[in-house]
Amino acid sequence: MAAHLPDLAVPEWPRLEAYVAGPDGAPWVTFVPGIGNDAMFWERQASELSATHRVLRFEPWGCGASEAPPADLRIEGVAEGIVALWDALAIERSSVVGLGFGGSTALTLALDHPDRVEKVVACCCRARQPDDRRDFWRDRQAIARRDGLEGLGEVTVERWLGDDFRAAHPEVEQRLTAGFRRSSVDGYVAYVGAFVAMDLTARLASLSTPTLLVAAEHDHGGGPVASMRQLAAALPTAQLRVVAGSGHIVNHEAPDEVAALLAAFLG
């Protein structure tokens, strides 16, 4: 069972509610939540890896007992908050796993702090939000400010999961929707703003950390296969795996395959 660390002090950055599991002395793996995800998003994979790794999960700013996000949040600040959490836990190096914005954050950590990142697994993500999707995300910010996250959670999860999967696994849809609604409006809006503003493209060639990119065959928005192939071509240390039959939330639609990929790559 993961140890809950609700009172962990994180100097200079808002506090993050953290959970740690796995044997002392094992290599660290940090699971990074994406936009609208909570610490439970990676629970299955984290639980399996905790047999061989020291696993860190945390609630994003504005979710659970984590504090509100800082003003004018950018993805570099999200990464710095994670490094501050590592410092508070005396974590010198960690592998990092994320999906969507969490995958982009994992890449940012490796670019900004290569001495602290062992390996990266970035799933269904982008280095830059395309121009034609920025208005989509700004509209989501406006909806959240006006109406809250209740209805937005439903329509978001509907986009995340394929229709056939949702029909066969309503419990997954319910769990993801509940996790989405745990975010505060301020937290959601802040992370979306960071997502819209991010642009890692000019720096990708300098990334030296071993990287596994995981794409999903039916992901048409978060990190389409074509975009993930372009990302892999720009990263000198990356390998790409495409999970057949899955939509964007690949760790929930294809959990066994993702678990196998993580185990093989992280060792």
Side-chain angles (χ1 to χ4, degrees), residues 29 31-37 40-46 48-49 95-107 110 119-134 136-137 140 153-177 179-180 195 198 200-201 204 207 210-266:
V29 179
F31 285 90
V32 182
I35 296 173
N37 304 147
M40 300 295 286
F41 182 78
W42 285 101
E43 182 182 25
R44 175 169 175 176
Q45 289 80 21
E48 294 179 6
L49 271 179
S95 293
V96 187
V97 180
L99 184 149
F101 182 73
S104 302
T105 302
L107 294 172
K119 295 180 179 180
V120 168
V121 181
C123 306
C124 303
C125 62
R126 298 178 185 268
R128 178 183 185 276
Q129 196 61 215
D131 292 340
D132 60 1
R133 285 185 59 83
R134 295 188 178 200
F136 166 86
W137 284 107
R140 291 297 170 109
E154 292 182 6
V155 298
T156 299
V157 175
E158 286 176 2
R159 292 175 60 89
W160 282 349
L161 301 172
D163 291 341
D164 291 343
F165 182 86
R166 287 172 53 222
H169 300 280
E171 75 285 355
V172 174
E173 181 177 11
Q174 293 166 6
R175 185 162 62 249
L176 290 172
T177 302
F180 185 96
F195 197 33
M198 77 175 186
L200 309 178
T201 51
L204 294 176
L207 192 144
T211 300
L212 172 65
L213 301 176
V214 180
E217 181 184 8
H218 301 309
D219 182 3
H220 303 300
V225 173
S227 297
M228 294 291 287
R229 292 194 190 281
Q230 292 174 354
L231 185 58
L235 291 171
T237 59
Q239 53 182 288
L240 174 67
R241 298 290 182 268
V242 180
V243 178
S246 177
H248 177 58
I249 307 297
V250 65
N251 64 316
H252 286 266
E253 289 203 30
D256 293 338
E257 186 160 354
V258 170
L261 289 170
L262 291 176
F265 182 70
L266 298 176

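Atoms considered below: every heavy atom in the structure, side chains included; atoms not considered: hydrogens, waters and symmetry mates.
The two residues L207 and A110 come nearest to each other via the heavy atoms CD1-CB, 4.0 Å. In this structure, E48 and A259 approach most closely via the heavy-atom pair OE1-CB, 3.1 Å. Nearest heavy-atom pair, A254 versus V243, reported as atom, atom and distance to 0.1 Å: CB-CG1, 3.6 Å. When all heavy atoms of S246 and A216 are compared, the pair lying nearest together is O-CB, 3.5 Å.
Contacts of E217 classified as salt bridge (charged side-chain N to carboxylate O under 4.0 Å, His left out), with partners at least two apart in sequence or in another chain: none. For the side chain to side chain donor-acceptor pair (under 3.5 Å) test, no residue two or more places apart in sequence or in another chain qualifies with H252. Evaluation of the side chain to side chain donor-acceptor pair (under 3.5 Å) rule for T177 yields no partner, not counting sequence neighbours. Under the side-chain contact (heavy atoms from CB on, under 4.5 Å) criterion, A122 pairs with L107, V120, C125, L213, not counting sequence neighbours. For the side-chain contact (heavy atoms from CB on, under 4.5 Å) test, no residue two or more places apart in sequence or in another chain qualifies with P236. Applying the side-chain contact (heavy atoms from CB on, under 4.5 Å) rule to T156 yields the partners R140, L152, W160, F180; only residues at least two apart in sequence or on another chain are considered. Remark: N251 pairs with F41, W42, Q45, L99, I249, V258 by the side-chain contact (heavy atoms from CB on, under 4.5 Å) rule, at least two apart or across chains. Partners of R133 by salt bridge (charged side-chain N to carboxylate O under 4.0 Å, His left out), not counting sequence neighbours: none found. Listed by chain and residue number, nothing satisfies the side chain to side chain donor-acceptor pair (under 3.5 Å) test with E43 (two or more places apart in sequence, or in another chain). Not counting sequence neighbours, the partners of H169 by the side chain to side chain donor-acceptor pair (under 3.5 Å) test are E171.
In this structure, SG on C124 lies 4.5 Å from CG on D219, to the nearest 0.5 angstrom. Atom CD of E154 sits about 8.0 Å away from atom CD of E173, to the nearest 0.5 Å. Rounding to the nearest 0.5 Å places CG of L235 at 4.5 Å from CG of L231. The structure places OG1 of T211 at 6.0 Å from CZ of F265, a figure rounded to the nearest 0.5 Å. One distance of note links CZ of F136 with CZ of R159; it measures 4.0 Å at 0.5 Å rounding.
A donor-acceptor contact shorter than 3.5 Å is absent between the side chain of D132 and the backbone of R134.
Counting only residues at least two apart or in different chains, salt bridge (Lys or Arg N to Asp or Glu O under 4.0 Å) contacts with residues 245-257 comprise R44-D256. Applying the side chain to side chain donor-acceptor pair (under 3.5 Å) rule to pairs touching residues 229-243 yields Q239-R241, sequence neighbours excluded.
Side-chain contact between F31 and L262 is present, with at least one heavy-atom pair separated by less than 4.5 Å. Using a 4.5 Å heavy-atom threshold, the side chains of R126 and P224 count as touching.
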Apply side chain to side chain contact (heavy atoms under 4.5 Å, CB included) to L212 and K119, showing your working. CA-CA 8 Å; L212 172 65; K119 295 180 179 180; over 6 Å; no

